[in-house]
Amino acid sequence: MLDIKVLRDDPEAVTAGVRKKRMTDRVAAVEQALVLDGELRGLIPKLDAMRSEQKNAGKLMIKLAPLAREQMLAKQKELKQELQGFLEREKTLRAELDQQLSLIPNIPDADVPEGRDDSENVEVKRVGQVRTVTFAQKTHCEIGEAQGWLDFERAAAISGSRNYLLIGDLALLHDAVLRYAIDHMVRQGFTPIDPPLLVRDAAMFGTGFFPGGEEQTYRCEKDGLNLIGTSEVPITSMHAGEILLEKDLPKKYVARSACFRREAGTYGKDTRGLYRVHQFQKVEQVVLDVADKGRSLEHHQSIVANAEACLQAFELPYRIVAVCGGDLGVPQAFKYDIETWMPSRNNYGETHSASRFYDYQARRLQLRYRSEAGKVHYCHTLNNTVIASPRALIPILEYHQQQDGTVRLPAALVPYMGGREVIGRPVF
RNA sequence: GGAGAGGUGGCAGAGUGGCCGAAUGCGUCACCUUGCUAAGGUGAUGUACCGGUAACGGUACCGGGGGUUCGAAUCCCCCCCUCUCCGCCA
């Protein structure tokens, strides 16, 4: 949610932001919100005055003689009628204003690149030279299926397309990668959390996924609950409605969870393999801190660095892109994607997404803190992937494959795989 | 799933129709007193919105929403949450 004051003071900037995000269908919400806000602000002083009168009259009445009391009662009934009309108008105005306001996306930062979609994201950093090999590299599907590690057919029979079975050493590797990521984050001082996977609408709304993301979300209608697409949702919502103390900030959390995505509208895209699946495991980092842009920027750098450290430990080449306006979601002010080299794509593929929101999510969540000076402010929130698997297994299998189909493990993962430096048997 | 109890300020806890934004206690903060410490005294101590440069004034909020009433923390209805007992179950 944007601060209504920002909207009043500089509607052009808000509209420009909506356009930069290429959400032209939401431009009208800005104008609508301003109109509704204007009417509401006209209404409130009248309402307050009437209620004040009603209150005072009520207090007076108990002291009156029965006759005068009767007269006053009649007068008060009239006032009540009138007041009811105003109250109803106020209620609808507030509801409509909230609805319009919730449609208005966060304003993208000035340094967000212009652009329509992910093809216009701007590379800001490239790490690791992609090694060249003399043999024909296999895809992770080819390796996995030849090794008996992957079974898409049976998975599809059980659960439909975009599902997978990880078997044997690949199941272990999947867990090893996640476990490494958790341990790394705990060393960075993050508090590990195992969050609920089913959340109320309020959490989806508060983090900015609703309205808009309903089609991407598995929903348990009977219970009014939603399966999370990322643990950002429960973790960022953890302190919703609270007023934290500045001395307790920043809050740094790391969560491992299953994530569920319907992937509606992606038919025909990345249909093979582990890249785009309905369910996966993700280690996610979330930071809540004071409302200070400089601090947010520092956190953003450091959560990106945390993810980079994992990729470096896994000895994988990657690059970082600044996500352009058109590829940015509703709540983000700025987003870096980290893309890891995937030989089967002969390209980098998105493996991480690091966002900063300033107070946009915090406003929706009523997530606040009391400053040392005693004032209450909305927090700033940020989050980033640490590792998402099995997607992360794609570069690991493909980049560390050897000619015979075995896979060399990066040193960091060896202790997590029972000391083995290579997994698989010669199959090619 | 069945039966019952309950949700009030940072916490504890009173309040069952107007004098209640809410007693009292604890905690916290400021000042005072006592040479330190302990103790004591005085005052302050929620959030949001509206008006005002400000001091300040007004309004709303007692889990959430609706209703009854001139007037609701208090009465009625629905929902959410917590606890106890029974059943079922990983």
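Proteins come first, then strands; the chains are lettered A, B, ... in the order of their sequence lines, and each starts at number 1.
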*Reading 5' to 3' through nucleotides 61-83 of chain B, protein heavy-atom contacts under 4.0 Å coded B for base, S for sugar-phosphate only, - for none*: -----S--BBS--------SS--
*What's the CD-P distance between A:Gln366 and B:rA48, to the nearest Å?*
9 Å
_Strictly by Watson-Crick or wobble contacts shorter than 3.5 Å, is anything paired with B:rG71, and which nucleotide is it?_
none
*Write down the partner of B:rG9 under the Watson-Crick or G-U wobble criteria, each distance required to be under 3.5 Å.*
none
*Considering just the side-chain nitrogens and oxygens of A:Ser52, establish if one lies under 4.0 Å of OP1 or OP2 belonging to B:rU59.*
yes
_All pairs passing side-chain hydrogen bond (donor to acceptor under 3.5 Å, both in side chains) where residues 178-188 of chain A contributes a residue, at least two apart_ = A:Arg179-A:Asp183, A:Asp183-A:Tyr416
_Once you apply a heavy-atom cut-off of 4.0 Å, does A:Arg370 come out as touching a base, just sugar-phosphate, or nothing?_
sugar-phosphate
*asked:* Going by the rule side chain to side chain contact (heavy atoms under 4.5 Å, CB included), which residues pair with A:Gln84 if we only count those two or more places apart in sequence or in a different chain?
replied: A:Lys80, A:Gln81
*Is the Lys NZ or Arg CZ of A:Arg261 less than 6.0 Å from the centre of A:Tyr218's six-membered ring, within 45° of the axis?*
no
*OP1 or OP2 of B:rG58 under 4.0 Å from side-chain N/O of A:Lys55*: no
*Would you mind reading off the distance between A:Glu246 atom CD and B:rU28 atom C1', rounded to a whole angstrom?*
17 Å
_Within 45 degrees of the ring normal and closer than 6.0 Å to the centroid, is that where the cationic atom of A:Arg345 sits relative to A:Tyr275?_
yes
*Round to the nearest Å and state the distance from A:Arg368 atom CZ to B:rG46 atom C1'.*
10 Å
_I'd like the C1' distance from B:rG9 over to B:rA73, given in whole Å._
13 Å
*asked:* What verdict does the side-chain hydrogen bond (donor to acceptor under 3.5 Å, both in side chains) test give for A:Ser353 and A:Asp337, after you've listed the backbone C-alpha separation in whole Å, the side-chain angles of each residue and the deciding distance to 0.1 Å?
replied: CA-CA 4 Å; A:Ser353 197; A:Asp337 277 355; 3.0 Å; yes
*asked:* Both distances below 3.5 Å, Watson-Crick or wobble geometry, any strand: find the nucleotide opposite B:rG43.
replied: B:rC29
*Under the side-chain hydrogen bond (donor to acceptor under 3.5 Å, both in side chains) test, which residues partner A:Gln401, sequence neighbours left out?*
none
Nucleotide N/O to protein N/O under 3.5 Å, stretch nucleotides 50-56 of chain B:
{"unit_1": "B:rC50", "atom_1": "OP1", "unit_2": "A:Arg41", "atom_2": "NH1", "d": "2.9"}

*Base-pairing assignment for B:rA55 (Watson-Crick or G-U wobble, both under 3.5 Å)*: none
*Roughly how many Å is it from NZ in A:Lys247 to P in B:rU28, rounded to a whole number?*
12 Å
*Pairing residues for A:Leu198 by the side chain to side chain contact (heavy atoms under 4.5 Å, CB included) criterion, not counting sequence neighbours*: A:Cys220, A:Leu225, A:Leu227
_Length of the CZ-P vector between A:Arg363 and B:rA48, whole Å_ = 11 Å
*Can you sort out the partners of A:Thr15 under side chain to side chain contact (heavy atoms under 4.5 Å, CB included), two or more places apart, ordered by chain and number?*
A:Arg19, A:Val27, A:Val30
*When you compare B:rC83 with B:rU69, how far apart are their C1' atoms, in angstrom units rounded to a whole number?*
34 Å
*With both distances under 3.5 angstrom, what nucleotide forms a Watson-Crick or G-U wobble pair with B:rA38?*
none
Would you list the atom pairs, donor with acceptor, under 3.5 Å between side chains in residues 51-58 of chain A and any protein atom, with sequence neighbours excluded?
{"unit_1": "A:Asn56", "atom_1": "ND2", "unit_2": "A:Ser52", "atom_2": "O", "d": "3.2"}

_Among residues at least two apart in sequence or on other chains, which ones pass side-chain hydrogen bond (donor to acceptor under 3.5 Å, both in side chains) with A:Glu145?_
none
*Spacing between A:Arg51 atom CZ and B:rA48 atom C1', to the nearest angstrom*: 13 Å
*What integer number of Å spans the P atoms of B:rG63 and B:rC81?*
16 Å
_C1' gap between B:rC19 and B:rC50, integer Å_ = 27 Å
_Length of the CE-C1' vector between A:Met50 and B:rA60, whole Å_ = 15 Å
*asked:* Could you identify the nucleotide paired to B:rC20, looking across every strand shown and requiring Watson-Crick or G-U wobble geometry with both distances under 3.5 Å?
replied: none
*For B:rC76 versus B:rG57, give the span between their P atoms, rounded off to a whole number of Å.*
37 Å
*asked:* Just the rounded figure in Å: distance from C1' of B:rA60 to CG of A:Leu47.
replied: 10 Å
*Pick the C1' atom in B:rU16 and in B:rC85, then give their distance to the nearest Å.*
28 Å
*Mind checking the C1' distance from B:rA12 to B:rG67? Whole angstroms is fine.*
33 Å
_Both distances below 3.5 Å, Watson-Crick or wobble geometry, any strand: find the nucleotide opposite B:rG1._
B:rC86
_Pairwise P distance for B:rG87 and B:rC75, with rounding to whole Å_ = 34 Å
*Does A:Arg391 make a cation-pi contact with A:Phe280 (under 6.0 Å, within 45 degrees of the axis)?*
no
